[in-house]
Amino acid sequence: MAAKAKGRKSTKQEAAVVESPELELNAHPLVGVIMGSQSDWETMRHADETLTKFGVAHESRVISAHRSPNIAAEYGSTAEVRGLEVIIAAAGGAAHLAGVMAAHTTLPVLGVPMKSDALNGLDSLLATVQMPGGIPVGTLAIGKPGAVNAALFAVAILANSRPELRKMLHRFREEQEAKIRATTLT
Ligand code: RP5
């Protein structure tokens with residue numbers, strides 16, 4: 001069960017989340033990583049690991065837009081008051097989870113399309129990216145690269161007001177460049 005955030009006013013909405021037996025949340029996550037199914041975790045663990053690498057407090061959990069619509073609505077509509085600043089939402093097939101989140105919050109929502117058996121993720125990509133004007137979802141690549149980049153994008157958003165994260169991002173880019181410089185072909 002989540003601890004109440006210190007220094008923030010408790011509101012009715014927050015109390016609803018804290019008391020909900022459905023939601024097990026970390027103390028003060030800044031990023032919410034949600035996915036439509038346990039089967040998405042193999043991919044989305046890369047978002048989780050990337051956020052951990054940058055020391056960003058986050059929570060990861062399964063929420064389905066169609067199998068658990070009430071939990072999805074509650075999560076999206078209480079995200080802001082709980083102190084989340086970014087939501088990463090991954091889903092496959094008719095992948096409307098990110099769109100549903102964006103419908104319930106004005107926080108930035110980053111969508112990660114999952115590879116699907118039937119269409120290799122093209123269905124997930126189109127379902128996530130093709131939002132009608134007015135409710136934006138920032139959509140990343142299909143699968144693992146999207147999971148990693150969604151986390152890096154979240155870090156970049158948080159870095160706007162956190163200089164230490166900005167420094168870490170610069171270092172991360174420098175390391176990538178150093179690896180390229182050191183690469184030789186035989
Ligand atoms: C979506 O359907 C999930 O996001 C997942 O990518 C896909 C398949 O889910 P499972 O049938 O593996 O639970 O809801």
Side-chain angles (χ1 to χ4, degrees), residues 1-2 16-17 20-26 29-54 56-158:
M1 186 64 66
V17 176
S20 165
E22 308 263 26
L23 299 174
E24 280 260 315
L25 304 162
N26 297 338
L30 295 174
V31 180
V33 181
I34 60 171
M35 60 215 80
S37 169
Q38 165 86 44
S39 65
D40 299 326
W41 178 238
E42 244 347 273
T43 305
M44 291 313 293
R45 67 166 68 249
H46 297 287
D48 185 278
E49 284 165 12
T50 303
L51 290 168
T52 299
K53 217 188 285 177
F54 279 85
V56 171
H58 61 284
E59 62 189 18
S60 296
R61 55 169 302 169
V62 174
I63 296 178
S64 169
H66 45 267
R67 291 168 178 150
S68 61
N70 295 321
I71 298 174
E74 184 185 4
Y75 190 90
S77 57
T78 58
E80 199 177 332
V81 78
R82 287 202 299 109
L84 289 182
E85 295 188 25
V86 183
I87 294 176
I88 296 173
H96 36 239
L97 183 59
V100 167
M101 281 303 121
H104 284 289
T105 183
T106 56
L107 294 177
V109 176
L110 305 177
V112 185
M114 296 292 93
K115 249 192 180 160
S116 56
D117 289 338
L119 296 170
N120 227 10
L122 186 58
D123 44 352
S124 322
L125 171 65
L126 296 178
T128 305
V129 78
Q130 286 292 35
M131 287 297 290
I135 307 291
V137 167
T139 303
L140 287 302
I142 298 168
K144 181 181 168 186
V148 172
N149 281 345
L152 291 173
F153 210 134
V155 173
I157 292 168
L158 296 172

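Start at 1 and go down the list; that is how both ligands and their atoms are numbered. Each residue takes its place number in the sequence, starting with 1.
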Looking only at non-hydrogen atoms, find the nearest pair between M101 and A72 and report the distance.
CE-O, 3.1 Å
Atom 10 (P) of ligand 1 - nearest protein heavy atom and its distance:
S37 OG, 3.4 Å
Side-chain contact, heavy-atom cut-off 4.5 Å: L84 with P29?
yes
Atoms of ligand 1 less than 4.0 Å from A91 heavy atoms?
4 (O)
Using only atom types and a distance under 3.5 Å, with no angle test, would you say the side chain of H104 pairs donor to acceptor with the backbone of A102?
no
Atom 8 (C) of ligand 1: nearest protein contact (heavy atom, Å):
S39 OG, 4.1 Å
H66 neighbourhood, listing ligand 1 atoms whose heavy-atom distance to it stays under 4.0 Å:
14 (O)
Based purely on interatomic distance, does R67 place a nitrogen or oxygen under 3.5 Å from a nitrogen or oxygen of ligand 1?
yes
Mode of M35 contact toward ligand 1 - side chain, backbone, both, neither (heavy atoms, under 4.0 Å):
neither
For atom 7 (C) of ligand 1, the closest protein heavy atom turns out to be G92 O, 4.2 Å
Looking only at protein heavy atoms, which one is nearest to atom 4 (O) of ligand 1, and how far off is it?
D40 OD2, 2.6 Å
Which atom names give the shortest non-hydrogen contact between V109 and A98, and what distance separates them?
CG1-O, 3.6 Å
Short question: side chain of H58, backbone of V56 - any donor-acceptor pair under 3.5 Å?
yes
Any sub-3.5 Å donor-acceptor pair from S124's side-chain atoms to G92's backbone N or O?
no
